[in-house]
Amino acid sequence: MRKRLKRDFFTQPTLKLANDLLGKFIVRNWRCKKIVGEIVEVEVYKGPKDRASHSFGGKITKRNRIVYKEGGYIYIYLCYGMHWQLNIVSFLKGKPECILLRALEPKINNLHKKTNENFTNRKSYTLKFPGAHGKLVDVYNLANGPGKLCKYLKLNKSFYGEDLTRSKRIWLEDRGVRIKSSNIIAAKRVGIDYAGYYWSRRKWRFYIKNNPFVSFPRLTSKS
DNA sequence: GTACAGATTGAG
DNA sequence: TCAATCTGTACT
């Protein structure tokens with residue numbers, strides 16, 4: 001089952017959509033190949049009340065204007081001058097809310113077939129496969145963070161405003177995976193302590209329980 | 001025009 | 001623990 005997700009999926013209320021995104025597949029058409037990943041970790045930004053959101057206070061800028069559209073568009077921006085961050089605009093037109101994709105479980109063709117010859121199974125979480133230039137790449141470190149995720153999917157500024165329901169180079173699919181709510185962990189968002197006690201402690205980061213592909217952010221302060 | 005901080009990452 | 005690297009935003 002491979003069903004492309006349509007507008008009605010993306011216009012769901014943001015917190016509901018965030019939970020529904022877990023287990024969905026993101027597909028990137030790149031040079032006649034498909035780069036695929038299963039979404040395993042997301043984070044909600046619910047402006048204009050949310051102090052951590054780029055649309056806090058109803059602010060509209062050239063950068064964030066896309067989040068005022070209805071759900072299904074891509075909001076992508078550069079962070080720290082070098083890392084792209086992929087967000088999916090959610091909910092209704094005029095509601096500036098979005099969901100940051102933080103980690104994917106990469107789906108690589110013939111992963112298991114190749115395992116016998118080229119893969120080395122070391123510790124529990126170090127599965128490796130030969131990358132583009134013959135170099136060994138750790139699958140678990142390929143898309144376990146918002147910046148690395150964009151690198152894996154080969155995304156850049158040109159995807160700003162891309163419509164996930166129509167685009168020929170990137171879209172989302174339902175492949176029949178269902179994540180039970182008891183297997184979804186809600187946690188504090190990452191890297192937004194500047195938003196103050198109330199907003200930074202909201203548990204709007206969601207990830208699949210026990211999934212080894214989620215990001216492991218360093219603890220900068222007490223959790 | 002200028003100053004500054006940031007929804008991160010990988011190296012030391 | 002720290003620097004890389006650039007753009008939006010809020011000032012002068």
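All heavy atoms count here, side chains included; hydrogens, waters and symmetry mates do not.
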Worksheet item: In whole angstrom, what separates A/Asn87's CG from B/dG6's P?
Response: 17 Å
Discussion item. What I want to find out is whether A/Lys24 reaches A/Asp20 closely enough, with some N-O distance under 4.0 Å, to be called a salt bridge.
Written reply: no
Fill in: Interface residues of residues 64-82 of chain A with DNA chain C (non-hydrogen, below 4.0 angstrom)
A/Leu78, A/Tyr80, A/Gly81, A/Met82
Response to the item:
Residues pairing under side-chain hydrogen bond (donor to acceptor under 3.5 Å, both in side chains) where one sits in residues 67-84 of chain A, two or more places apart or in two chains, turn out to be A/His54-A/Tyr75
Fill in: Nucleic acid contacts of residues 16-27 of chain A, taken as heavy-atom distances under 4.0 Å to DNA chain C
none
Fill in: OP1 or OP2 of B/dA7 under 4.0 Å from side-chain N/O of A/Arg205
no
Discussion item. Counting runs of three or more consecutive pairs, Watson-Crick or G-U wobble, with each distance below 3.5 Å, where are the stems of DNA chain B?
Written reply: B:1-6 with C:6-11, B:8-11 with C:1-4
Discussion item. For a salt bridge (Lys or Arg N to Asp or Glu O under 4.0 Å) check, start with the C-alpha distance between A/Arg175 and A/Glu38, then their side-chain angles and the critical distance, and finish with the verdict.
Written reply: CA-CA 10 Å; A/Arg175 296 192 175 181; A/Glu38 181 183 341; over 6 Å; no
Worksheet, complete the sentence: Separation of B/dA7 atom C1' from A/Lys188 atom NZ, nearest Å, is 13 Å
Worksheet item: Of the residues in residues 143-156 of chain A, which ones touch DNA chain C at a heavy-atom distance under 4.0 Å?
Response: none
Practice prompt. Using atom OH of A/Tyr194 as one end and atom P of B/dC4 as the other, report the distance to the nearest whole Å.
Written response: 19 Å
Fill in: Value in whole Å for how far the P atom of C/dG8 lies from NE2 of A/His83
17 Å
Discussion item. Under 4.5 Å between side-chain heavy atoms, counting indirect links through other Ile/Leu/Val/Met/Phe/Trp/Tyr residues: same cluster for A/Leu78 and A/Ile192 or not?
Written reply: no
Worksheet item: Any chain of hydrophobic side-chain contacts (each under 4.5 Å) joining A/Ile66 to A/Ile60?
Response: yes
Worksheet item: Should the pair A/Arg189 and A/Tyr45 be classed as cation-pi, given the thresholds of under 6.0 Å to the six-membered ring centre and 45° from the axis?
Response: yes
Worksheet item: Within a reach of under 6.0 Å around CZ of A/Arg202, are more than 12 heavy atoms found that belong to other residues, nucleotides or ligands?
Response: yes
Practice prompt. Using whole Å, report how far CZ of A/Arg189 lies from P of B/dG6.
Written response: 15 Å
Worksheet item: Reckon A/Glu43 touches a base, only the sugar-phosphate, or nothing at all at heavy-atom distances under 4.0 Å?
Response: nothing
Item to complete: Rounded off to whole Å, could you give me the CG-to-P distance for the A/Asp193 and B/dT8 pair?
Response: 11 Å
Worksheet item: Considering only the P atoms, how many Å lie between B/dT2 and C/dT5, rounded to the nearest integer?
Response: 22 Å
Item to complete: Tell me, with the steps shown, if A/Ser90 and A/Gln12 meet side chain to side chain donor-acceptor pair (under 3.5 Å).
Response: CA-CA 7 Å; A/Ser90 58; A/Gln12 295 183 91; over 6 Å; no
Worksheet item: Should we count NZ of A/Lys95 as having more than 12 external heavy atoms under 6.0 Å?
Response: no
Discussion item. Expected output is a numbered-order residue list: members of residues 44-59 of chain A with a heavy atom under 4.0 Å from any atom of DNA chain B. What is it?
Written reply: A/Tyr45, A/Ala52, A/His54
Worksheet item: Should A/Leu22 and A/Val190 be counted in the same cluster of Ile, Leu, Val, Met, Phe, Trp and Tyr side chains packed under 4.5 Å apart?
Response: no
Discussion item. Check this for me: A/Arg7, atom CZ, are more than 12 non-hydrogen atoms of other residues, nucleotides or ligands nearer than 6.0 Å?
Written reply: yes
Worksheet item: Quick one: do A/Ile76 and A/Leu21 end up in the same hydrophobic cluster if we chain Ile, Leu, Val, Met, Phe, Trp and Tyr together by side-chain heavy atoms under 4.5 Å apart?
Response: yes
Worksheet entry | Distance, rounded to the nearest Å, where A/Ile60 contributes CD1 and C/dG8 contributes C1' | 15 Å
Worksheet entry | Over 12 non-hydrogen atoms of neighbours within 6.0 angstrom of CZ in A/Arg2 | no
Worksheet item: Are A/Leu149 and A/Ile35 connected in a single hydrophobic cluster, I mean Ile/Leu/Val/Met/Phe/Trp/Tyr linked by side-chain heavy atoms less than 4.5 Å apart?
Response: yes
Discussion item. Does A/Arg169 qualify as a cation-pi partner of A/Phe159, given the criterion of NZ or CZ under 6.0 Å from the six-membered ring centre and within 45 degrees of its axis?
Written reply: yes
Worksheet entry | The single option from A/Leu104, A/Ile99, A/Leu100, A/Leu153 passing side chain to side chain contact (heavy atoms under 4.5 Å, CB included) against A/Leu86 | A/Leu153
